[in-house]
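Have a look at the structure below before the remarks.
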Amino acid sequence: MTPETGFRLRHKHLLGIEPLESEEIRLILDTAESFLEISTRPIKKVPTLRGRTIVNLFMEPSTRTRSSFEIAQKRLSADSLNLSSSSSSATKGESLIDTAKNLEAMAPDMIVLRHPAAGAAHLLARVCRSSIINAGDGAHEHPTQALLDAFTMRQKKGRIQGLEVAIVGDLLHSRVLRSNVFLLRKLGAKVRASGPPTLVPPGLDRLGVDVKTRIEEALEGADVVMMLRVQKERMVHGAFPSLREYFNLYGLTKARMKQAKHDAIVMHPGPMNRGVEIAAEVADGSTSVILDQVTNGVAVRMAVLYLLSGGAVGELAA
Ligand code: CP
C-alpha cells in the first residue's frame, strides 16, 4: 500500500530498521523513487536541503556509504562536513560523546555516524539535539543498506512481499543481515540464511530466519541471493580452516546459482572478497545487481535525509 500524501516519518532519528513501521519503510522507498531521476539529470542538484548542515562522522572505514551520503547531501544542496577517526581528535583520546557535543556546538542539523561499537548511534541520539543517522554500528544495524537493498529488490522483482531471499556468508558479524532480516520480514518476504556453523549467530531462527547448513539448501528456488562479506577484521579466532575451504563450501559459483530460480538476482553490499564468498564471474555476471545497489544507495539516502528533515511524501519540489 502506498503511503498517503503528507505522510511523514514518525522518528527524529534513523537508528535501525527494527523500530520502523512497515508503512514508514514504504514511505522511504517511495520517496527514493522520486529522487532516483535527479542523478540522471545534467545538473544533478535540487534545493531541497539548502541551508541545512550535515556532519558525516565515520569512525570506521567506508567507501560506498560515506561517498553516497556525501553525494546525496550535495545533490540536495545541503552543506556537509566530513570527519573520520584518523583525522579527528579521537586519535588523542576524545570520547565519542565529547566529539559529538563539540560538533553540535556548531549547530549541525544531522549527524551521520558509522562506528565499530553496536549502539553508538543510539548513544548519540540520547545526548544530541541533531537527527542521528546510523551508517553502521558494529554488528548491530546498517539501516540505509537494508533500505537500498529492498529498493533494488523491488526495482528488479516488482515486489518484496512473498520473495524468497537467501542470505549467505558471515552471518555472525553482519549488521547488513540484521537490518535486512528486520526489513524483509516486515514487508512479507521469506528469509533463509546459510553460513559456517561458527558464523551463525545464536537465535537467528527466532528472528524468523530459516537457517540452512548447506548453501545449496538456502539457494534452492530463491528469487534473491545476497552474499555477505567474510569480515576477517572482526574475527578474533579463525572461524574456518582456510579461505579456499570457505569458497569450496560457501562460495557463490555459477554452478551453485543453478539451484536458485532462473531469473534470480545476485546482491552483495560490498566490499567483496572475490574468490572467497563470491566467484568473480558471478559478481560481474548478468544476474548481478551489485552496482545497481550502489546507484540506488544515493536515491535512498537522499530520501532518508529529506524525510528526517521533516519532508513528506508528495511534497517534493521538482
Ligand atoms: N556496504 C557498505 O557499507 O560499504 P562500505 O563499508 O564501503 O560503506
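Order of listing sets the numbers, starting from 1, for every ligand and every atom in it.
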Nearest heavy-atom neighbours spanning C128 and I111: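 Minimum heavy-atom contact is SG-CD1, 4.4 Å.
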Closest approach of Y250 to V168 (non-hydrogen atoms, all atoms of both residues): O-CG1, 4.0 Å
Where ligand 1 meets T65 - atom numbers and elements under 4.0 angstrom, heavy-atom basis: 2 (C), 3 (O), 4 (O), 5 (P), 8 (O)
Ligand 1 N/O within reach of S62 N/O, cut-off under 3.5 Å: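 Min N/O separation from ligand 1 is below 3.5 Å for S62.
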N or O contact, P269 vs ligand 1, cut-off under 3.5 Å: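 Between P269 and ligand 1, an N or O pair is found under 3.5 Å apart.
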Identity of the nearest option to atom 3 (O) of ligand 1, non-hydrogen atoms only, from Q145, H142, H268, R175: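 When every heavy atom of Q145, H142, H268, R175 is considered, H142 comes closest to atom 3 (O) of ligand 1.
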Flag for [Y]-[X]: side-chain donor and acceptor within less than 3.5 Å:
X: Q155; Y: D292; result: no
X: H142; Y: R114; result: yes
X: E70; Y: N56; result: no

May I ask you to identify the nearest protein heavy atom to [atom], giving residue, atom name and distance to one decimal place in Å?
atom: atom 7 (O) of ligand 1; answer: T63 N, 2.8 Å
atom: atom 4 (O) of ligand 1; answer: R64 NE, 3.0 Å
atom: atom 6 (O) of ligand 1; answer: R114 NH1, 2.8 Å

Greater than 12 external heavy atoms within 6.0 Å of K101's NZ: no
More than 12 heavy atoms of other groups within 6.0 Å of K254 NZ: no
Heavy atom of G270, distance to ligand 1 below 4.0 Å: yes
Close approach, E60 and ligand 1, non-hydrogen under 4.0 angstrom: no
